[in-house]
Amino acid sequence: METFLQDVRYGVRMLRKSPGFTAVAVLTLALGVGANTAIFSIVDAVALRLPFQNPKQMVGIENSYSDSGLTPSSFADFVDWREQNHSFAQLVASFRSSFNFTGGREPERIQGTYISQDYFGLFGARPLVGRAFLPAEHKKGAAGVCLLSENFWRHEFASDPGVLGRALALDGAAYTVVGIMPAGTPDFHAPPYSELWIPLEAKPPYDAHGTNYLQVIGRLKPGTTRESALQEIKAIQERINVQFPPNKHDVDIQPLTDVLLGDTQPVLQVLLAAVGLILLIACANVANLLLARGTGRAKEFAVREALGAKPWRIVQQSLTESALLALAALLAAVLLTRWVTQLFLGFWPQNLRQPDVVLDWRVAGFAALVSLIAVMLFGLAPAVLASRSNLNLAMKEGSRQTTGSTSHGRLRAIFVVSEMALALVLVIASLLTLRSFNRLLHTDPGFNPGRLLTARIALPDNRYSEAAGQRFFQDLLDRISILPGVQSAAAAAYVPLGNGGQTGDFEVEGRFSQTGGGPFAEEHFVTLNYFQTMQIALLRGRAFAETDRQRMPKVVMINDYMARQLWPGENPIGKRIQVLSAPNDWSEVIGVVADVKAAGLNAPPAMQIYLPTLQHPISDMFVVVRAATDPETLVPAIKRAVFDIDSQQPVSNIALMDELMVRSRSGSRSSTFLLAIFAGLAMLLAGVGIYAVMAYTVGQRAHEIGIRMALGAADWDIHKMVLGMALRMGAWGLGIGLLAALVVTRFLQTLLFGITATDAVTFALSAVLLGGAALFASYIPARRATKVHPMVALRYE
Amino acid sequence: MIQLRNIERLYKTGAGATFVLRRINLEIRQGDFVTVMGPSGAGKSTLLSILGMLDDAWTGEYHFLDHAVHKLDRKKRADLNRQYIGFVFQSYHLLDNLTVYENLDVPLSYRNIGRAQRASMVAEALDRFQIVGKKDLYPSQLSGGQQQLVGVARAVVGNPKLILADEPTGNLHSSQAKDIMELFKRLNDQGTTIVQVTHSEVNAAYGNRTIQLFDGWITNEPKNPEVAAGKQPIAAIGAQPQG
Ligand SMILES: Nc1ncnc2c1ncn2[C@@H]1O[C@H](COP(=O)(O)OP(=O)(O)OP(=O)(O)O)[C@@H](O)[C@H]1O
Ligand SMILES: [Mg+2]
């Protein structure tokens with residue numbers, strides 16, 4: 001204990017004696033620890049810190065189809081699973097939707113969630129005021145009841161407890177408020193947050209087999225494994241499949257954390273890997289600094305040994321100093337983490353739930369753990385080498401002014417080489433995502449997003465018949481088209497990039513069809529002016545016309561990709577397909593339009609079918625308005641046009657198409673920018689590493705350089721010598737890094753768009769970039785080397 | 001070849017400055033073999049490093065061939081050094097991590113000479129100094145005298161016009177010292193100008209002229225170098241080597 005305290009005292013004195021070294025080492029480590037801690041705090045918030053008991057028992061159940069991956073579940077399937085299983089203590093389902101809320105200041109469309117019985121029970125969430133839903137309220141056809149969010153209660157009802165028992169008008173129907181849910185109630189759907197909840201079973205929005213829309217979550221009974229639960233649900237599903245063969249599918253069970261992370265998971269994994277690399281680089285850097293200093297202190301260690309210190313005492317002393325460094329770095333990192341986390345969240349994708357990051361003892365503990373690992377990584381090698389420095393050698397080296405002992409030199413080179421290799425992997429990863437993002441920026445969405453405004457008008461079924469809805473939109477579009485500043489207006493069931501859409505299977509006339517497994521296509525219901533307003537290019541045939549109405553022959557338009565897929569080398573015009581599962585109701589293909597990136601700018605090409613709303617009336621549509629000027633100025637006039645027709649009808653999801661484009665890219669943007677920051681950091685650290693080693697080497701070899709200059713070496717010769725050393729290390733690092741990147745970047749492929757993970761140009765560019773940085777970093781020591789005066793050669797006499 | 005006018009060199013020390021060379025006036029002609037003598041600390045090495053363009057911190061005028069060295073910058077001086085001068089350091093200054101062969105090759109590598117020619121020049125020097133057998137050894141594997149031999153070999157390997165040798169035989173056996181002196185004499189006969197520092201009267205006798213340095217002053221050269229030009233060699237005055 002006493003020797004430990006002595007070591008600490010001595011260590012502190014050593015660190016204070018060389019403040020430059022200490023500052024660089026602490027800052028480097030703090031960056032490594034801080035970046036790791038920041039990413040951990042986000043993973044912690046997203047995946048680990050779940051607001052309920054025993055998250056390990058929680059799983060998500062999803063449908064799995066052979067051709068389209070995982071999907072949500074249907075109400076019918078869910079009910080059967082819930083009734084027949086023995087594996088789950090609770091099995092619940094939810095569906096995020098939105099409702100027209102009238103009776104407030106202005107009709108509004110608000111976020112609401114359908115929840116099955118015991119939904120909040122599963123998460124242990126209780127109402128702040130009032131009560132939860134009663135089992136009877138989950139019975140089919142039960143009277144409408146709802147729970148409100150604390151937030152909605154506050155801003156809509158000024159937190160008036162009197163709202164309990166009052167009936168709210170949602171989509172024109174009455175729902176009695178029975179309770180208020182506190183802020184922070186579990187909400188696993190994409191933002192914005194839910195403002196109210198209503199029982200699912202009382203009036204499910206869809207109840208057919210094959211209409212998959214429910215997020216199903218279950219809590220396993222104690223002692224039940226995920227695997228056995230999966231087998232049971234599979235068995236139940238087998239029985240359902242026999243009864244409803246058209247919707248034949250399998251099921252899959254995943255840990256809830258995986259379900260919640262969804263698309264974020266690969267991003268977080270990549271970021272975790274990136275900060276891991278940063279930490280390794282930082283450790284290599286600090287180890288190098290310690291080694292360089294160790295060489296200078298070889299004599300001190302040798303003297304200590306001569307005075308009787310055992311080798312392990314010297315290791316201990318060395319490690320104590322490393323630990324002190326790590327401790328200082330930890331403190332700096334804690335300060336840094338806050339800032340770095342803020343930076344990360346600034347880049348957080350808009351379409352993902354913003355994690356509620358808490359910096360508490362868990363995060364601090366993680367930082368401490370990382371620091372400890374760092375000490376092991378960077379402290380051990382110099383410590384062991386220090387203990388090995390033998391007295392004789394050190395005395396001799398000290399007296400003869402030679403370069404540091406070769407084992408130290410080699411170790412330093414190894415550290416720099418590995419730093420370069422690690423940094424290159426990061427730079428390549430970052431450059432890949434940057435170039436992929438650049439492709440994304442320049443993807444043609446298939447329509448012109450400029451000065452395009454969209455807004456959703458969801459007519460409630462109970463107030464609007466099909467014909468009335470059709471009249472409403474006809475009337476509305478007529479009014480909007482003549483507004484000053486409007487070029488053209490149309491409507492569609494979903495807008496591209498609007499986070500919604502519908503797909504369905506179809507059959508081609510004259511081709512053998514297989515039940516339930518037919519090809520899928522996006523189904524876009526659009527009004528007459530849609531293609532003209534969106535400026536989607538018509539490639540073949542004609543667009544919809546006034547004459548394509550009900551009781552006339554059914555018509556569809558398809559996209560280019562679908563035409564090529566179904567009728568390669570043939571004219572698709574005049575072919576007939578059967579859509580919307582309507583048997584013997586054939587629609588003729590009358591036109592082919594350009595592909596539109598409807599599901600997201602990075603979505604793979606999809607088959608798209610356009611159906612005219614004149615033949616398939618839709619009561620919940622987005623209007624799209626092409627403005628001649630700033631489209632935002634049109635918003636009040638469009639709202640007024642809606643209210644003039646129906647004062648109870650809200651207008652929601654008002655957005656500029658440009659914004660939707662930005663949002664669609666924002667996921668990629670976050671990962672791209674974060675990786676770029678990390679790669680920049682890695683390059684900086686690798687540069688500092690090379691610089692430190694070269695500067696140290698030049699200092700060590702000043703005498704030799706002086707002799708060489710006295711023997712006639714010109715500046716260029718010295719440059720060549722120093723840069724040559726740096727280049728040799730750099731070349732090794734880059735070579736190893738390239739090989740490592742070939743293996744590693746494969747895990748990046750899911751995040752990439754329009755570029756392969758082994759893109760040769762990117763690899764070459766990264767190597768050049770990092771090589772250049774290394775060269776630049778060693779240029780300064782090289783220049784300093786030429787400033788060595790030949791006189792230093794003579795001074796040692 | 002060389003004219004020094006009022007060369008002064010001072011070292012700044014903690015308190016003030018101490019003069020190491022004072023008002024040095026000196027003329028060295030092409031083909032001279034000059035010996036610089038004087039007690040330890042007199043400034044001999046300092047004078048040699050100025051002649052060799054290794055030192056820049058002096059004042060006065062220095063004419064080398066038709067170059068006014070005092071007006072040249074570091075780079076130009078280095079060019080002159082590279083082009084004309086071979087330097088034997090008082091403490092050898094071999095490069096530790098290079099072999100004997102590589103040490104001899106270093107000055108040539110800085111002199112725009114083809115690889116093949118360099119190899120033959122190094123081989124010739126190795127042969128001349130009878131160190132062929134040691135060519136693959138590192139300096140640490142040589143005795144002090146052998147190191148000195150390599151140091152001399154390295155200075156002459158490039159056939160410089162001017163050889164500056166700072167105690168080139170300090171560590172050598174007298175027979176080896178004689179060999180070196182004979183070599184210098186031969187080179188001098190072939191036209192190489194040589195300036196050597198030595199404490200040995202025997203070595204000094206190989207030269208045609210001796211300069212005494214004492215406390216930074218030249219004590220035997222007349223104030224006016226033109227006068228001295230005619231009567232060479234000048235006999236040593238008070239030539240009792242010290243230190
Ligand atoms: N870097 C320096 N800083 C201060 N004084 C110096 C420095 N180098 C040399 N001197 C001083 O300059 C004086 C002359 O040194 P110099 O090396 O020229 O002597 P020397 O005549 O070659 O002696 P020796 O015969 O011992 O080699 C000495 O008094 C020495 O102390
Ligand atoms: Mg000397």
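Note that the structure is a prediction, hence the values are computed from the model and not measured. Within every chain, numbering begins at 1; the chains are lettered A, B, ... in the order of the sequence lines, protein sequences first and strands thereafter.
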Undergrad: Non-hydrogen atoms of chain A under 4.5 Å away: do they reach the side chain of D79(B), the backbone, both or neither?
TA: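 Contact with chain A involves no heavy atom of D79(B) at all.
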Undergrad: Using the side-chain contact (heavy atoms from CB on, under 4.5 Å) criterion, which residues pair with T193(B)? Sequence neighbours excluded.
TA: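 Once residues adjacent in sequence are excluded, the partners of T193(B) under the side-chain contact (heavy atoms from CB on, under 4.5 Å) criterion are M1(B), I28(B), Q30(B), D32(B), L162(B).
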Undergrad: Verify whether the ring centers belonging to Y62(B) and H67(B) lie closer than 6.0 Å.
TA: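 No: the rings miss the under 6.0 Å criterion.
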Undergrad: Could you look at I50(B) and say if it's the side chain, the backbone, both or neither that has a heavy atom under 4.5 Å from chain A?
TA: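 No part of it gets close to chain A.
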Undergrad: For K44(B) and D166(B): C-alpha separation, side-chain torsions, deciding distance, then whether salt bridge (Lys or Arg N to Asp or Glu O under 4.0 Å) applies.
TA: CA-CA 8 Å; K44(B) 306 183 293 294; D166(B) 199 347; over 6 Å; no
Undergrad: Check whether the side chains of T59(B) and E8(B) place a donor and an acceptor atom closer than 3.5 Å, and report yes or no.
TA: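 E8(B) and T59(B) do not have a side-chain donor-acceptor pair below 3.5 Å.
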Undergrad: Is the positively charged end of R13(A) above the ring of Y10(A), judged by distance under 6.0 angstrom from the centroid and angle within 45° of the axis?
TA: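 Checked: cation-pi criterion not met.
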Undergrad: Would a line drawn from the ring center of Y691(A) to the ring center of F776(A) be shorter than 6.0 Å?
TA: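 Centroid separation for Y691(A) and F776(A): 6.0 Å or greater.
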Undergrad: Cation-pi check for Y11(B) against R9(B): NZ or CZ below 6.0 Å from the six-membered ring centre and within 45 degrees of the axis, yes or no?
TA: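 Geometry flag: set, cation within 6.0 Å and 45°.
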Undergrad: Quick one: which residues of residues 104-119 of chain B reach chain A at under 4.5 angstrom, heavy atoms only?
TA: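 Within residues 104-119 of chain B, the residues under 4.5 Å from chain A are V106(B), P107(B), Y110(B), R111(B).
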